[in-house]
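Data block below; observations after.
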Amino acid sequence: MEEDAQINRDCRAAAGLLLARAFFEAPPDRVAPRLLGKVLASRTGNGWLAGRIVEVEAYLGPHQAPPDPAAHAYRGPTERNRVLFGPAGHAYVYSIYGRYFCMNISCEQPGKAGCVLLRALEPVAGLDQMARNRGLILNARPHELTAGPSRLCQALGLARQSHNGLDLLDPASPLQLWESDLAVDRILITSRIGIRRAAELPLRFAVADNPCLSGPKNLLGRYVALSSL
DNA sequence: CTGTGGATTTGCT
DNA sequence: GCAAATCCACAGG
């Protein structure tokens, strides 16, 4: 099948395309914009599901300024957030509102916390399976598949029990982060979505004008070049 | 397109 | 006990 061939190529290339650990051993507000354009890939029983990261949010660790009371790590380690205080490049998946999941990537050196929340992807491989996972028709628009932090988890089949704590930089991992040669030029920076505390911090980063973004369309922000960050 | 309300697990105040 | 980094159905413009 045509799609299988594409997925196999992606799979074969995965080992050499994995991001480096050092990429994530930095403050999340530095990692977040540089993550745009990279590929999140999930291995399932039906092959790889993959999407380009087009929207993220940074959540700062308690050691960093300014204080970020919206971050799960704000009050220090707990049973839920312990992944955030471990090594960088691991998946922090938690359940929210009783029915959904959100996926983050841990940053900083072990002992320090901080993470990047994935808010939207642009589907790359396995679109039919994503539609099935989301309960949508096979020809659903890409935006319906993976625009939204819990939508993308549903599309890729991510859940806390199965994916929390996975190393995203291990070639044997079922959940990986791949490099991409697609350049991201202009980035939209806004406040973060869906939080009450520290709502004024400009820590949401999105690929400008990408059709797969989540959230209000008229959210104010500023456009910058990645090279200026 | 915008706005409203409900579903319903989890972890901490 | 209750608020939460959400999504969906539905109503109205």
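Proteins come first, then strands; the chains are lettered A, B, ... in the order of their sequence lines, and each starts at number 1.
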Problem - DNA chain B contacts among residues 62-79 of chain A, heavy-atom distance under 4.0 Å - result: A:R75, A:T78

Problem - Result of checking A:I105, A:V54, A:N104 against A:L118 for side chain to side chain contact (heavy atoms under 4.5 Å, CB included) - result: A:I105

Practice task
Report whether A:L117 and A:L188 are members of the same hydrophobic cluster (ILVMFWY, side-chain heavy atoms less than 4.5 Å apart, transitive linking).
Solution key: no

Practice task
Indicate the atoms forming the closest heavy-atom contact of A:I96 with A:S150, along with that distance.
Solution key: CG2-OG, 4.0 Å

Problem - 5' to 3' contact window, DNA chain B with chain A (heavy-atom distance under 4.0 Å) - result: B:dA7 to B:dT13

Fill in the blank from the handout: Within residues 88-102 of chain A, the residues having a heavy atom closer than 4.0 Å to DNA chain B are A:S95, A:Y97, A:G98, A:R99

Handout entry: Distance in angstrom units between A:R134 CZ and C:dT6 C1', rounded
Key = 11 Å

Handout entry: C:dA5 phosphate, OP1 or OP2, under 4.0 Å from A:R204 side-chain N/O
Key = no

Exercise for the section: Report yes or no: do A:D68 and A:Q64 form a side-chain donor-acceptor pair below 3.5 Å? Expected result: no

Handout entry: Any donor-acceptor N or O pair under 3.5 Å, side chains A:T190, A:R204
Key = yes

Handout entry: Whole angstrom value for the distance that separates C1' of C:dA5 from CG of A:L152
Key = 12 Å

Practice task
Would you mind pulling out the nucleotide paired to B:dT8, Watson-Crick or G-U wobble, both distances under 3.5 Å?
Solution key: none

Handout entry: Donor-acceptor pair between A:R151 and A:Q154 side chains, under 3.5 angstrom
Key = no

Completion exercise
Applying the 3.5 Å cut-off to both distances, the Watson-Crick or G-U partner of C:dA5 turns out to be none

Handout entry: Check: A:S214/A:E55 side-chain N/O donor and acceptor closer than 3.5 Å
Key = yes

Exercise for the section: Classify the ring geometry between A:W178 and A:W48 as parallel (under 30°), tilted (30 to 60°) or perpendicular (over 60°). Expected result: tilted

Handout entry: Interatomic distance where CG belongs to A:L145 and C1' belongs to C:dC7 [whole Å]
Key = 15 Å

Exercise for the section: Flag the pair A:D167 and A:R21 as a salt bridge only when some basic side-chain nitrogen lies within less than 4.0 angstrom of an acidic carboxylate oxygen. Expected result: yes

Problem - Any side-chain heavy-atom pair of A:F23 and A:R34 under 4.5 Å - result: yes

Practice task
Please say whether the positively charged group of A:R192, taken as NZ for Lys or CZ for Arg, lies over the ring of A:Y59, i.e. under 6.0 angstrom from the six-membered ring centre and within 45 degrees of the axis.
Solution key: yes

Handout entry: Protein-nucleotide distance (A:H143, atom NE2; C:dC7, atom C1'), rounded to Å
Key = 12 Å

Practice task
Give A:R197 one of three labels, base, sugar-phosphate or nothing, depending on what nucleic acid heavy atoms sit under 4.0 Å from its own.
Solution key: nothing

Problem - Residue-phosphate contact under 4.0 Å: A:R119 side-chain N/O, C:dT6 OP1/OP2 - result: yes

Completion exercise
Separation of C:dC2 atom P from A:R196 atom CZ, nearest Å, is 16 Å

Exercise for the section: Nearest whole angstrom, please: distance from the P of C:dT6 to the CG of A:L158. Expected result: 16 Å

